[in-house]
Amino acid sequence: MDPVIWFFALGIVAGALRSDLKLPPAIYDLLSMLLLLAIGLKGGVELARNPFDGLLVQVILVVAMGLVLPLLIFPAARTLGRLSRANAASVAAHYGSVSVATFAVGISYLGGRSIAYDSQLPLFLVLLEIPAIVVGILLARGLKEKTRWGRLAHEMFLGKSIVLLLGGLVIGWLAGPAGIVPLEPLFFDLFKGVLALFLLEMGLIAATEFRTLRQNALFLLAFGLLAPLPLAAIGALLGWSIGLNPGGTTLLAVLAGSGSYIAAPAAMRIAVPAANPSLPLAMSLGVTFPFNIFVGIPLYLAFAEWLHRL
Amino acid sequence: MDPVIWFFALGIVAGALRSDLKLPPAIYDLLSMLLLLAIGLKGGVELARNPFDGLLVQVILVVAMGLVLPLLIFPAARTLGRLSRANAASVAAHYGSVSVATFAVGISYLGGRSIAYDSQLPLFLVLLEIPAIVVGILLARGLKEKTRWGRLAHEMFLGKSIVLLLGGLVIGWLAGPAGIVPLEPLFFDLFKGVLALFLLEMGLIAATEFRTLRQNALFLLAFGLLAPLPLAAIGALLGWSIGLNPGGTTLLAVLAGSGSYIAAPAAMRIAVPAANPSLPLAMSLGVTFPFNIFVGIPLYLAFAEWLHRL
Amino acid sequence: MDPVIWFFALGIVAGALRSDLKLPPAIYDLLSMLLLLAIGLKGGVELARNPFDGLLVQVILVVAMGLVLPLLIFPAARTLGRLSRANAASVAAHYGSVSVATFAVGISYLGGRSIAYDSQLPLFLVLLEIPAIVVGILLARGLKEKTRWGRLAHEMFLGKSIVLLLGGLVIGWLAGPAGIVPLEPLFFDLFKGVLALFLLEMGLIAATEFRTLRQNALFLLAFGLLAPLPLAAIGALLGWSIGLNPGGTTLLAVLAGSGSYIAAPAAMRIAVPAANPSLPLAMSLGVTFPFNIFVGIPLYLAFAEWLHRL
Amino acid sequence: MAPEQRKLVTIVTESVIEIDLCEALTDLGASGYTVTNARGSGSRGIRNAGWSSNSNIRIEVVCDEPVATRIAEHLREHYYADFAMILFESDVRVLRPDKF
Amino acid sequence: MAPEQRKLVTIVTESVIEIDLCEALTDLGASGYTVTNARGSGSRGIRNAGWSSNSNIRIEVVCDEPVATRIAEHLREHYYADFAMILFESDVRVLRPDKF
Amino acid sequence: MAPEQRKLVTIVTESVIEIDLCEALTDLGASGYTVTNARGSGSRGIRNAGWSSNSNIRIEVVCDEPVATRIAEHLREHYYADFAMILFESDVRVLRPDKF
Ligand SMILES: Nc1ncnc2c1ncn2[C@@H]1O[C@H](COP(=O)(O)O)[C@@H](O)[C@H]1O
Ligand SMILES: Nc1ncnc2c1ncn2[C@@H]1O[C@H](COP(=O)(O)O)[C@@H](O)[C@H]1O
Ligand SMILES: Nc1ncnc2c1ncn2[C@@H]1O[C@H](COP(=O)(O)O)[C@@H](O)[C@H]1O
Ligand code: NA
Ligand code: NA
Ligand code: NA
């Protein structure tokens, strides 16, 4: 098993035992910046190496998936989970959007088995972050005029993760495989180590969030464990049908099957304050994230390889 | 001389001249986490590479040393130093416990001369951290019921250093020499650089602590300089007699001869508030730590090699 | 183009669009410490490798340049810019002193084209930091007794940048090319990556400072763009005439043509409170720094090479 | 210049709304504000600043009575129901009353 | 809802006792507390937050008079003798008195 | 020990003058002070703590009336004209009046 995952487990254990271990917020920020930039740069370099055609169609289909996923999740959360409209919409936004950390573990997993993935995947990561949040807000509020879309667009499009991923993509593309060499020691060689530290902190946070899963606990647990599978299947099928390779198909499944915990919480907190913020966080961080990194990713790879053997 | 030590000297000089140089607390935390994890991981990988028998006996003897050392230090501090019961017990706890930074410098020193050390040493580091603190608290308070041992056990066993060292050990052991490779750039290649920065900050702190050495200054200075020698000798003798190699013997001497400045201060502050916290800190950080890294470690290595030639 | 510069551009764009991207202050401190130490260490190792004669004469001439430059800038700022005495003196101090970040980009630029530079340049960086600040203070206040020179000398000579640059120089010199090897992964291999992150933050800051350029905007813009050229020419001529190689000549031009934004702002704020602190900062960070890294450095190299062909 | 009475309004709330809230304070007539990072506990549980979604800020505003009242009204209307938030007010003397 | 009077108790002390102290505050009847990191100087010397053993915290509790008195008593008994600590109390008006 | 009245002086200003200011406070008779990092906005624009030249500190001093007056005088004379700074004062009760 990929050793970075043990760091997540260490964090969970330390958090569950209420250790005083805690990464300073500034370090959490540094680590997440490094991961976002590294993913972007890597994608950009790959884009420079293998330019490809037909990107536009892929982009449209991927964004469409981002718009559709929350529409599938919302009714399930509303009826099966008996969540309020605001809460169901918030869950839809979180699960329709994507988790950068899960994506990073996916990259690390594929890297460990030397499985290549298509260079446009980091771009898809960027593309999938926002649409589901917009749909989630619309599901919660309808088209009321009161929503300050300008403010929200600013929050979403100029949020840290989009800026760093997109900035990294462009810089990696401009620099190309040769130009990036001097930056490799920090962004590529340290990638796994940085991911390990980041997962340690994620484990500590997940342990805390998990504790807040009290009301509706059974539904939330079930949803957090079962939702990734159909969502990831949709992602894998889309990836396979737009011609991604097995690695790329796996990563699109990872994106579809993971829940956001950076962009979505911030945006939903501002746009739909009535939604309970810890509910989707507890699910996505406390249940789905561990499920995905321990069980989901290998499963999605197996599924992607099976699809490609068809 | 190992260049990392010059960073400590730079810190001392800058601190003594009251430079405004200062590492942000978040960076201090990051550096110490990296060191603790690196030491643990390194030990775990070595354990996976060379499993060994007879660990149980060694463990028992090392813990016994941790219980005995403070009992030797306490009367010396009480009589020679005329310290109050609380203060003497606190000094006993600090010097009976161990200093991770000194251990790291020891590793770095051995590494610079390509001297191997037994893989169980990081485990001994973990084992030696706590017993002396427990004895110190008992020396100060007796068996009064009022001591909240549950709270204290939590503080000690789930403190940052134990969790990271032990967690690193387990992860390194699980990952093994092959699995650890992707983590090496962060945790092993950067080790010396991280240690250098950490020692810079230690120098700054030591310069400040040193200034608080006013009352009892002569005794404290003498104790801080002389105590390491007999303590380290005990450690070296134990290491030699339980069959450690010269490198391992040196590191056990380093552990015995060094004073804690992370776990012990925190635990003693809570359990024995009447003890003056800056007294043992000034001694262990301001006197013993520099003594050990400049003079002690080479001496302990010479002694260990002499023992092994017997 | 050197890819690290794109990070600055990314910061500018993100800042101009008011993204919430922001490096925590602790990380800014860490990055600047790493850069300062790396520059110092690199210089020290080079000094150990190629000791040279005639340093004293060079040192005197370089310090003299540091004293003369502000005397040239002050009347220009006073007459052309119609700045108050305090403000003109402050601009003189900033532009007479030097920018570590521009120097780091210069090193990175030369490194990318494998152009060597003389080993004493980091020392010149240290030497040039302070004289212009002293002259600037004298220009603003005359020789009034009220200036607390002791306090100021402490602030300047024991400020972070001098301590780390000088400390790094000495340690690098003591360690030498062989001793420095274990520190290379952190300080040398990561140099460009660290510089990239630092420039990202500089871009964010520059975007903010640029916004404060309102009054006198035209003069400030013109000065920030045009001042570097004659100043750098003076630096290049001095470098060439004291026998520096083309790389060294370029870097001395960079030092002369760049404006301080660490040491000078802090010292001037304390010594000449009446000077508006954001005015020289907006110029040096918002105008001159981008000018230098995008346009100036290549120009100075061309000029230096032309001089050496004479 | 004699010191003069003003109100000090202190707000402790979720850091996610810092930008919006500070904009609102200026719009409501505050001449300035001071923000520090904080952690804490209250009716909405422990907020221990481990990461951004879970950290607090503490905002202070020195202002005159009408502005203080407007701030309290605004917060009650827009934030009290849905956000972890407390607000308290006290009397202070300021040195340059024209500033506030 | 008219504003109502409460006490604001502010404590500045060593950060090493944060966990214990916050537990005690809750036990003594405080409905919440707010903590910020601090540095400072006092009768026990300069505490400049360079590293954890040497850093301060600043705790605020909004509460009613009896709780404020109990907090002061508790601190006097358990911490005053041995820890760097100051405590002061002032009057504040709160908006949702039921919360405190 | 009955609680006794003191003044709480709060200063928000540029962090670049922390060392000088804290020295001055001690010289003016303050028995101590507490500093926290801050950001904010006021008549001199937004100071958002992105980097050191642009960050604020918030200083609190508990002292008696004469010291409070001296502090206000000193700041007015030496800093008010040229530095981003506000100062306000309130009444507090302290537990160990001999300390302040
Ligand atoms: N009684 C109190 N005293 C001081 N601070 C409080 C108190 N109650 C709540 N807070 C702070 O206000 C935040 C939000 O409070 P609440 O909405 O009650 O969860 C908490 O996280 C605390 O930082
Ligand atoms: N007069 C004072 N005004 C404000 N803060 C103080 C004062 N005295 C002490 N403090 C703070 O309380 C902490 C502990 O005080 P002490 O126990 O006097 O050392 C100091 O480190 C300061 O942060
Ligand atoms: N009305 C106010 N309320 C609270 N804090 C303020 C106020 N005005 C200014 N400040 C703080 O004091 C600093 C300096 O103020 P100024 O000199 O007005 O720019 C600002 O950066 C704020 O942190
Ligand atoms: Na998803
Ligand atoms: Na020891
Ligand atoms: Na210059």
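Every heavy atom of this structure was used, including side-chain atoms; hydrogens, water molecules and symmetry mates were not.
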Quick one, C/Leu10 with A/Ile171, criterion side-chain contact (heavy atoms from CB on, under 4.5 Å). Give me CA distance, side-chain angles, the key distance, then yes/no. CA-CA 9 Å; C/Leu10 176 59; A/Ile171 293 175; 4.1 Å; yes
Under 4.5 Å from any heavy atom of chain C - which part of A/Ile162: neither
Proximal component of C/Leu200, with respect to chain A [non-hydrogen, under 4.5 Å]: side chain
Looking at CG of A/Leu31 and CD1 of C/Ile27, how far apart are the two atoms once the value is rounded to the nearest 0.5 Å? 8.0 Å
Checking heavy atoms, do the side chain of C/Phe191, its backbone, both or neither come under 4.5 Å from chain A? neither
Distance (rounded to the nearest 0.5 Å) between A/Leu164 CG and C/Leu21 CG: 5.0 Å
List, one per line, each side-chain donor-acceptor pair under 3.5 Å for residues 249-257 of chain C, sequence neighbours excluded.
residue  : atom : partner  : partner atom : Å
C/Thr249 : OG1  : C/Leu244 : O            : 3.4
C/Thr249 : OG1  : C/Asn245 : O            : 2.8
C/Thr250 : OG1  : C/Pro246 : O            : 2.7

Work out which heavy atom in C/Leu17 is nearest to a heavy atom in A/His154; give both atom names and the distance. O-NE2, 3.0 Å
Please list, in residue-number order, every residue in residues 175-187 of chain A that has a heavy atom less than 4.5 Å from any heavy atom of chain C; write 'none' if there are none. A/Ala175, A/Gly179, A/Pro182, A/Leu183, A/Pro185, A/Leu186, A/Phe187
Output the distance between atom CG (C/Leu190) and atom CG (A/Asp189), rounded to the nearest 0.5 Å. 8.5 Å
Turns out that what part of A/Leu36 lies under 4.5 Å from chain C's heavy atoms comes down to neither
Side-chain donor-acceptor pairs under 3.5 Å in residues 106-117 of chain C, sequence neighbours left out?
residue  : atom : partner  : partner atom : Å
C/Ser108 : OG   : C/Asp2   : OD2          : 2.5
C/Ser108 : OG   : C/Lys192 : NZ           : 2.9

Between atom CE of A/Met33 and atom NZ of C/Lys22, what is the distance when rounded to the nearest 0.5 Å? 12.5 Å
Between chain A and each of C/Asp20, C/Val13, C/Val4, count heavy-atom pairs under 4.5 Å; write down the option with the most. C/Asp20
Set of ring-ring contact (aromatic ring centres under 6.0 Å, His included) partners for C/Tyr300, sequence neighbours left out: none
Taking the side chain as every heavy atom from C-beta outward, state whether C/Leu197 and A/Leu37 have any atom pair closer than 4.5 Å. yes
